[in-house]
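Structure first, commentary second.
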Amino acid sequence: MTVVGSPVTWRPRPLQIASWVGLGMSTVALLAALPNLFTNGGGAGTVLGNAAASVWTLLLLVLAVASVRTIGVQAVAGAWFSGFFAITALAGLIGRPVVNALGADSTIAVAVWAPVTEEALKLMPVALFLVLASRNHHSRPSVGDAVLFGATVGAGFAVYENALFARGVGGVFDHLPFSPLLPTLQGASDGGSMLVGGHLVYTALAALGLGIALLYRRRTRLAWLALPVAFAVVVIEHATANGLSLVSPVAARPVWIDATLVLTLNGYLSTLLLIIGVAGIAIAERRLLLKQFVPGTPQHSPPDKWSPLRSVYPSRAQIGARGAALAVVQHADAVEIRG
């Protein structure tokens, strides 16, 4: 089976212009807020260090999904700003009344309400992106796009939250062997009884599950299970980390925390699932795409013919070809012929 079709642009030009204007305004707002952010966030070094750690992982994700990526800088920047500005504001709006009512040391408020609402809110921009993009029957995004988009939302959220509490993240060598890939990993507040994936890892894993469930539901009958499994893992790990922050160093841990630590492999489960999932989906989607291109047409040349630089910075024609092929791969109503 081969794909026929010209590259498709997802948004009309006026909306693209409006989107760039919105990104420009968000950038101006961020620059205006930086002095206060540095003052309250532990200094410029801490805030910028947190941002740099997130950017490192995002760059590695770009490389990992290079041959199946269909979203550009504009979408990634929008995802970051949505996490940094919109989702943090919504999380505060929803979470603050519950914390005020039950108390800052309430297990229900801190270890149940906050993890569930924050993880759901961070997944909302990813869901909106995938739902709108998947309505196009001639061009579809990849699961790799969903992971990159979700990780960026989580990164924006994490940078703001860490600045709010004036805390720094881990380092490249702090939690080997995974920290060279994910330097934002941290130890639990009680001295390191669990590995804390953090918002970037949690949102990326939830986005991975959502992408598989939504984009491949027609191809694989059990694809829908990816979302509840991934979301359950991130919520349980988030809840465990928050719960540990409420436990006194001299007090015994609650039974439920001991149980969730075992269930989540002391917090390593989300990190393991994300790394394995990204590698697996990048290989699987690339192999599927190799079967969907018309030979002899430069804009539809298969991924193994692209140079590494071209894969990272694909042309508009190549992005259109990937999107059209993904539409067929995901069993959408795309234009196709048999070869």
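Looking only at side-chain heavy atoms (C-beta outward), Trp80 and Leu30 come within less than 4.5 Å of each other. Contact annotation: the side chain of Lys122 approaches that of Tyr202 to within less than 4.5 Å [non-hydrogen atoms, C-beta and beyond]. Side-chain contact between Leu185 and Asp174 is absent, with no heavy atoms from C-beta onward closer than 4.5 Å. Residues His199 and Tyr160 form no side-chain contact, since every pair of their non-hydrogen atoms from C-beta on lies 4.5 Å or further apart. Residues Trp113 and Leu102 fail the side-chain proximity criterion, which asks for heavy atoms closer than 4.5 Å. Between Phe157 and Thr203 there is no side-chain heavy-atom pair separated by less than 4.5 Å. Taking the side chain as every heavy atom from C-beta outward, Ser54 and Leu200 approach each other to under 4.5 Å. In this structure the side chain of Leu61 never reaches within 4.5 angstrom of the side chain of Val76, judged on heavy atoms.
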(request) Take Asp145 and Thr70 through the side chain to side chain donor-acceptor pair (under 3.5 Å) test and state the conclusion after the steps. (result) CA-CA 7 Å; Asp145 292 325; Thr70 69; 2.6 Å; yes

(request) Evaluate the side-chain contact (heavy atoms from CB on, under 4.5 Å) criterion for residues Leu210 and Phe231: first the C-alpha distance (whole Å), next the side-chain angles of each, then the deciding distance (0.1 Å), finally the verdict. (result) CA-CA 9 Å; Leu210 178 62; Phe231 192 75; over 6 Å; no

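In this structure, the side chain of Gln330 engages the main chain of Pro141 through a donor-acceptor pair within 3.5 Å. In this structure a side-chain-to-backbone donor-acceptor pair under 3.5 Å is present from Arg322 to Arg69. Within the 3.5 Å criterion, the main-chain N or O of Val99 finds no donor-acceptor partner in the side chain of Ser106. Here the side chain of Arg253 pairs no donor or acceptor atom with the backbone of Leu244 at under 3.5 angstrom. In this structure, the side chain of Thr220 does not engage the main chain of Arg217 through any donor-acceptor pair within 3.5 Å.
Pairing each heavy atom of Asn50 with each of Val169, the nearest pair is OD1-N, 3.0 Å. Residues Val247 and Pro254 come closest through the heavy atom pair CG2-CD, 3.7 Å. Closest non-hydrogen pair, Pro177 versus Pro180, comes out as O-CD, 3.4 Å. The two residues Leu58 and Ala155 make their nearest non-hydrogen contact at CD1-CB, 4.2 Å. Here the shortest heavy-atom pairing between Ser245 and Val110 reads OG-CG1, 4.4 Å. The minimum heavy-atom distance linking Leu289 with Ser67 is given by the pair CD1-O, 4.0 Å.
In this structure, Phe129 and Phe149 have parallel ring planes: the angle between them is below the 30° cut-off, well short of the 60° mark. Ring pair Phe85/Phe81 is parallel by interplanar angle, where below 30° counts as parallel and above 60° as perpendicular.
At a cut-off of 3.5 Å, with distance as the only test, no side-chain donor of Tyr268 or Glu237 sits close to an acceptor on the other residue.
Leu265 is connected to Met194 through a chain of hydrophobic side-chain contacts under 4.5 Å among Ile, Leu, Val, Met, Phe, Trp and Tyr, so both are in one cluster. Put simply, Leu31 and Leu48 are part of the same group of oily side chains (I, L, V, M, F, W, Y) that touch within less than 4.5 Å, one to the next.
For Arg167, the CZ atom counts as densely surrounded, since its 6.0 Å shell holds more than 12 non-hydrogen atoms of other residues, nucleotides or ligands. Around CH2 of Trp256, the count of heavy atoms belonging to other residues, nucleotides or ligands within 6.0 Å exceeds 12.
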